[in-house]
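Presented below is the structure to which this report refers.
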Number of protein chains: 2
Amino acid sequence: MSRRSTSAHGSHGIPEATVARLPVYLRALYALADRGIATVSSEELAGSAGVNSAKLRKDLSHLGSYGTRGVGYDVEYLVYQVSRELGLTQDWPVVIVGAGNLGRALANYGGFASRGFRIAALLDADSGVVGTRIARHTVRSAADIEAVVKEHAVSIGVIATPAASAQGVCDRLVAAGVTSILNFAPIVLSVPSGVDVRKVDLSIELQILAFHAQRRAIVGVAHLGEREWQERRARRKGAREPAEAGPGLGGDTGVEAQAVGT
Amino acid sequence: MSRRSTSAHGSHGIPEATVARLPVYLRALYALADRGIATVSSEELAGSAGVNSAKLRKDLSHLGSYGTRGVGYDVEYLVYQVSRELGLTQDWPVVIVGAGNLGRALANYGGFASRGFRIAALLDADSGVVGTRIARHTVRSAADIEAVVKEHAVSIGVIATPAASAQGVCDRLVAAGVTSILNFAPIVLSVPSGVDVRKVDLSIELQILAFHAQRRAIVGVAHLGEREWQERRARRKGAREPAEAGPGLGGDTGVEAQAVGT
DNA sequence: CCGACTTTGTGCAAACGTTCACAAGGGCGT
DNA sequence: ACGCCCTTGTGAACGTTTGCACAAAGTCGG
C-alpha cells in the first residue's frame, strides 16, 4: 500500500515483503558487528530481527547464496550485500519540507545521516522560520524547492508540512524531479505513476492499536463471569444513535484491556 | 509485521489488511462530511482513499452491509460504523515516554487528541526536562510510569526514547498493564504474547525508498539510448571504489530516475 | 580421508490478500 | 406498478507471503 510504482514494472526479482524486512536485518547485523560477532546463524539473526528463521533464509536467498552451510553468515559480508541491495552504498541527498515540530525532530534525528542519507536542505514556507538554523542547516524558503532539488540532484523528498500544503508541495517536488516521497502529512497524496510514496502516520497507527485493544477488551469481557457481563451491559443503556459519537463503553475499557496482558 | 498478538487468537473475523485501511477510509469520510457531502459511492470513496473500489467494498463488507445498492454509502452513518469498529467511540488515554525532539513533536501534534486519543502524561528520564511544560502537559519523571499507567488506566503507550532505553521502558509499560505499544525507537522490541507492538521507523522507510529509487535508476539507465548511456558513463569516471560505496551511479542518479517519471 | 553433525537454500502446500466480473437488490422516472 | 439503471456485496480466480520439512552442502573431529 501507498506504493504506486510496483505495478509499473512487473518482474521485480525481489518481493516487496522482503524489501521491507531488509532494513531490519541490516540493523540487527550492525548491532552484531558492533559486538564483534563475525558469524551468525539464520536462527540467531532471525531472533534479533524478530522474524522466524525460515523467512529470514528465504529473504536472504533472494539476494544470492551468501551463507555457508553448517556455519551461517559472515556478518560483515552480509552487511555489505544487504546495503548494496538496498542502494545504501551510494548516498542519497534528501530534502525535508516543513520545519515545524516534526521537521525539526527529523532534522535532529541522528540515524538519519548515519547510513547513506544526507539532508540536502530543510525548507519551510513560514518566513519567520526561514533563515534560522536547525541542526546545522539554515532553513531555506519553500520557494526554493525546485532550485534545491536540481542543485543537489535530490531524488528523495520528505514532506513534514501541515496536511493542507502537502499535496502542493508534493506536486512541486515531483515536477522538480523527485521520485521518492516520504509523507508525514495525514492525507493521501496523489502522484503520477513512476513516483514512489510511503507514508508515516501516527494517527493511523494509534487507530490500529485501538482496534486491537478494543478487541482484546471484548474478548476479556467475554471471559468475565455472567454477572459482571450483565452489569456492564446495564451501564451501557440506550447506547448508540446513528448520529456521531455514540455513548456507551465508558472510559473504563482500558482496564479491561489490561486484564488480558497478565 | 511488528505484530505479535495476531497469532494468539485465531478467528479475527476482520482481516488485518482491512483494519490497516479503515483509518484511511475514516479520514476520507471526515473530509467528505466537512464538505457537506451526505452520500458517497464506493468508487468515489475509494478514490479519496487511494485504493480501488473492489477492495474498498470488500473491506467495508467485513463490517456489515452499510451501503445502499444503486446509491452508495451514507457518509455520517459510515463514519459512525467505522469509528465504532476501530474502537474510537471511547477515548483512549495514551502515555508518551520520551520528551526529546520526537516526544515533543508528538505531544504538539494536533491530530492526536482530535479523535479518541488523549495524552494522559508525557514522561522523561532526564531530570532537566522533568517539570517543564510541553503542549499543556507538565513532563513527569519516567520513574512514574507505573503510577501514571494505573492512575489513568492507560492501555496504549508510545515509546519515543533513544534506542538504548526503549526495551527497558517497554518492559515497564507492559508490567504496568499496557497492552498496546507504538514504538518510535529503532530497535525490535520483545514483548510477551498478548501485547501488540507497532513500529514507526523513519530510517526503514527511507531505506525502502532508496531500494526502489535505485531500482528505477538502473531501469532508467537501461532505457536510455546507447549514446546517452555512454555519455553518462563517461561523466562518471573514477567514482567510488568497491570498498564501501559501490562504483557507478554517481550523484546524478536523481536525474536518471526522473527519466522514468515521465 | 571419512563420517557425523550443523546449517543453509528451497520445493511445496496452506494461508492470506487482491482483483475481476456479475448477480442481487434498491431507487427513480414514467 | 413497472422496468431501467445504478451500485453494492460477493463468489471465484489469481497472485503473494508464510512456514514446514528436508535434501544439499559445507565444517570439523578423529
Side-chain angles (χ1 to χ4, degrees), chain A residues 1-22 24-25 29 32 37-75 77-78 81-82 208, chain B residues 1-22 24-25 29 32 37-75 77-78 81-82 208:
Chain A
M1 63 209 68
S2 84
R3 215 155 304 106
R4 228 43 68 83
S5 59
T6 317
S7 51
H9 39 32
S11 63
H12 234 78
I14 174 164
E16 194 54 36
T18 295
V19 173
R21 282 186 295 264
L22 289 179
V24 181
Y25 302 156
L29 285 167
L32 290 169
I37 295 168
T39 285
V40 69
S41 72
S42 65
E43 200 74 47
E44 297 167 309
L45 183 52
S48 318
V51 301
N52 84 25
S53 66
K55 185 145 58 183
L56 179 122
R57 286 199 300 279
K58 185 151 288 184
D59 282 343
L60 292 185
S61 78
H62 286 111
L63 319 193
S65 282
Y66 298 137
T68 308
R69 293 171 196 235
V71 177
Y73 301 88
D74 180 273
V75 173
Y77 185 51
L78 198 52
Q81 291 297 344
V82 173
I208 297 172
Chain B
M1 62 210 67
S2 84
R3 216 153 304 108
R4 225 45 67 83
S5 56
T6 317
S7 53
H9 38 34
S11 64
H12 235 76
I14 174 163
E16 193 53 34
T18 295
V19 173
R21 281 186 295 264
L22 289 180
V24 181
Y25 301 156
L29 286 167
L32 291 169
I37 295 168
T39 284
V40 68
S41 72
S42 65
E43 200 75 47
E44 296 167 310
L45 183 52
S48 316
V51 301
N52 83 27
S53 66
K55 183 144 61 182
L56 179 121
R57 286 199 300 277
K58 185 148 286 183
D59 283 342
L60 292 185
S61 78
H62 286 111
L63 318 193
S65 282
Y66 298 136
T68 308
R69 292 168 196 239
V71 176
Y73 301 90
D74 181 273
V75 173
Y77 185 52
L78 199 52
Q81 291 298 344
V82 174
I208 296 171

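Naming: A, B, ... by sequence-line order, numbering from 1 per chain.
As rounded to whole Å, 12 Å separates atom C1' of C:dT19 from atom CZ of B:Arg21. Rounded to a whole Å, the CD atom of A:Glu44 is 14 Å from the P atom of C:dT6. Taking atom CD of residue B:Glu16 and atom P of nucleotide D:dT18, one finds them 13 Å apart after rounding to whole Å. One atom, CG of B:Leu56, and another, P of C:dT19, lie 12 Å apart when rounded to the nearest Å. Taking atom CD on B:Glu43 and atom P on C:dC20, their separation rounds to 11 Å, with Å as the unit. Rounded to whole Å, the distance from NZ on B:Lys55 to P on D:dG11 is 20 Å.
Between D:dG9 and B:Tyr73, a contact under 4.0 Å exists linking OP1 or OP2 to a side-chain N or O.
Relative to the side chain of B:Ala54, the nucleotides D:dC20, D:dT17, C:dA21 differ in distance, and C:dA21 lies closest.
Proximity of B:Val51 to B:Val24: side-chain heavy atoms (C-beta onward) are nowhere separated by under 4.5 Å. Looking at heavy atoms from C-beta onward, B:Arg57 lies in side-chain contact with B:Ser53 at the 4.5 angstrom threshold. Taking the side chain as every heavy atom from C-beta outward, A:Tyr73 and A:Glu44 never approach each other to under 4.5 Å. Counting heavy atoms from C-beta on, the side chains of A:Glu16 and B:Ile208 come closer than 4.5 Å.
Within residues 57-69 of chain A, the residues having any heavy atom under 4.0 Å from DNA chain C are, by residue number, A:Arg57, A:Lys58, A:Ser61, A:Ser65, A:Tyr66, A:Gly67, A:Thr68, A:Arg69.
Smallest separation of non-hydrogen atoms from B:Asp59 and B:Tyr25: OD2-OH, 2.5 Å.
When the nearest nucleotides of DNA chain D are assigned to A:Val71 and B:Val71 by heavy-atom distance, the more 5′-ward of the two goes with B:Val71.
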Using residues 64-72 of chain A as the side-chain source, report each donor-acceptor pair under 3.5 Å to any protein atom, sequence neighbours left out, with the distance given to one decimal.
unit_1  : atom_1 : unit_2  : atom_2 : d
A:Tyr66 : OH     : A:Leu63 : O      : 3.1
A:Tyr66 : OH     : A:Gln81 : OE1    : 3.1

